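Structure first, then comments.
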There are 2 protein chains.
Amino acid sequence: MDPRETLKAHILKTAILTDAAFDYLFSHFKLKSFKKGQAIISEGDKVDHEYFVISGCLKAFFINDEIKMYILQFAMPTWWTSDYGALYNHTRATISVDCISDAEVLCLSNDDREKICSEIHQAEHFFRWRTNRGYLASQKRLLSFMNNDTKARYEELLAMYPQLYNLVPKHLIAAYLGVSRETLSRLYNAQK
Amino acid sequence: MDPRETLKAHILKTAILTDAAFDYLFSHFKLKSFKKGQAIISEGDKVDHEYFVISGCLKAFFINDEIKMYILQFAMPTWWTSDYGALYNHTRATISVDCISDAEVLCLSNDDREKICSEIHQAEHFFRWRTNRGYLASQKRLLSFMNNDTKARYEELLAMYPQLYNLVPKHLIAAYLGVSRETLSRLYNAQK
DNA sequence: GGGCTTAGGTGATGTACATCACATTCTGCA
DNA sequence: TGCAGAATGTGATGTACATCACCTAAGCCC
């Protein structure tokens with residue numbers, strides 16, 4: 001769970017970096033610890049960092065008309081999260097991020113990412129591939145939304161992240177699936 | 001509508017390239033023309049190219065259990081499309097691409113893209129930003145799916161792409177919105 | 001450890017949508 | 001130009017889900 005080694009192993013899966021280059025890159029990250037329930041990005045905030053999860057679990061979510069919450073992403077260790085729309089377009093946060101459990105994250109500022117990307121070709125390569133994976137995951141989820149009913153999406157989610165079942169309260173799973181907590185409850189309590 | 005100038009203007013919005021570098025990059029693209037209705041990628045195909053639309057309109061879609069079609073993307077001029085999952089993971093196409101109207105596209109192979117990205121840092125930069133924009137669009141659409149009803153999504157789509165209303169048959173718009181053609185028909189024929 | 005907050009279950013009811021069925025128009029092409 | 005197939009409209013009916021209302025059980029906190 002060493003932050004430096006976690007990030008290093010993660011990046012070296014897709015990029016080739018000398019130790020010196022990685023050390024330089026790593027010097028731009030700041031380690032922060034958060035408590036369960038603590039907010040990292042709140043709606044309306046200025047957003048200038050993205051976050052790499054070392055331990056714990058975050059959620060990135062959107063709240064509409066002050067009532068309903070939709071979860072865009074559960075961020076587990078080695079996942080990246082932020083309000084990327086706000087981060088890239090320099091607008092205020094519409095997506096919030098907070099901690100489902102105590103968590104440690106590595107923070108990287110938008111400016112530093114762009115600086116590193118322009119200085120180190122392989123860093124740009126890494127971030128291209130990371131974004132690409134995010135794009136494919138998002139597209140897959142979109143298709144699943146159009147194509148599958150709630151039950152199928154629920155089973156798909158648990159098959160992909162079995163830890164979630166114990167880690168995350170059920171109403172948050174409902175908010176990820178885009179259904180009411182009542183519907184989710186009825187789903188897995190149904191006879192058969 | 002010169003293909004070379006269209007691509008050049010598109011790329012120079014996010015990357016800095018000398019004329020020579022752009023010429024080199026451009027030499028890897030092949031121009032192809034397609035007729036309305038013609039398939040570019042069919043389910044089960046080996047996928048090794050992505051496509052930059054010069055003129056016309058394509059659709060990228062998924063068909064489930066041989067019956068229902070879901071449209072992931074209408075690709076208009078200066079848009080990129082492919083089955084990126086298959087392209088990056090070297091698997092067979094699950095997403096198909098075909099032509100809604102006659103179309104001209106520039107084709108770039110996966111190998112050539114990776115080659116260019118490793119040779120030209122600014123090309124890697126461009127493709128990172130392109131993917132990033134796709135990711136943000138996909139995330140926005142996902143949120144819209146969870147948060148808005150069909151009518152709101154229909155109006156959102158037409159506000160963003162007014163040309164679609166005349167260019168694209170309504171049952172394809174329904175397939176993009178993820179509702180039945182009947183529901184869409186009733187929606188905009190409703191009194192008021 | 002009593003009370004308060006949060007998570008979760010369950011019934012009753014309403015609604016947006018799918019589905020099926022069929023009618024009507026449009027369009028391309030032999 | 002006339003016909004086949006595609007696109008579109010519309011009614012009747014079924015269903016998955018939301019919503020509201022209320023209940024129980026499990027943290028958590030001074």
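This is a predicted model, so every value here is computed, not measured. Throughout, a chain's letter reflects where its sequence line sits, starting with A, and its residues are numbered from 1.
For the pair B/K59 and B/F61, the cation sits on the ring face: its NZ or CZ lies under 6.0 Å from the ring centre, inside 45° of the axis.
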Practice problem: Assign a letter to each nucleotide of nucleotides 6-25 of chain C from its 5' end: B, base within under 4.0 Å of a protein heavy atom; S, sugar-phosphate only; -, no contact. | Solution: -SBBBBB----SSBBB----

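With B/Q38 contributing its side chain and B/K35 its backbone, the two residues share a donor-acceptor pair below 3.5 Å.
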Going by atom type alone, with no hydrogens or angles, which donor-acceptor pairs under 3.5 Å involve a side-chain atom of residues 72-87 of chain B and a protein atom two or more places apart or on another chain?
unit_1, atom_1, unit_2, atom_2, d
B/Q73, OE1, B/T81, OG1, 2.8
B/Q73, NE2, B/W80, O, 3.1
B/W80, NE1, B/H10, NE2, 3.0
B/S82, OG, B/H49, O, 2.8
B/D83, OD1, B/G85, N, 3.2
B/D83, OD1, B/A86, N, 3.1
B/D83, OD2, B/T94, N, 2.9
B/D83, OD2, B/I95, N, 3.0
B/Y84, OH, B/E50, OE1, 2.6
B/Y84, OH, B/R130, NH1, 3.3

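The interatomic distance linking B/N166 (CG) with D/dT8 (C1') rounds to 15 Å, in whole Å.
A salt bridge links B/D19 with B/K8: the closest approach of a Lys/Arg side-chain nitrogen to an acidic carboxylate oxygen falls below 4.0 angstrom.
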Practice problem: Assess whether salt bridge (Lys or Arg N to Asp or Glu O under 4.0 Å) is satisfied between A/D48 and A/K46, documenting all intermediate values. | Solution: CA-CA 7 Å; A/D48 33 41; A/K46 202 151 154 287; 3.5 Å; yes

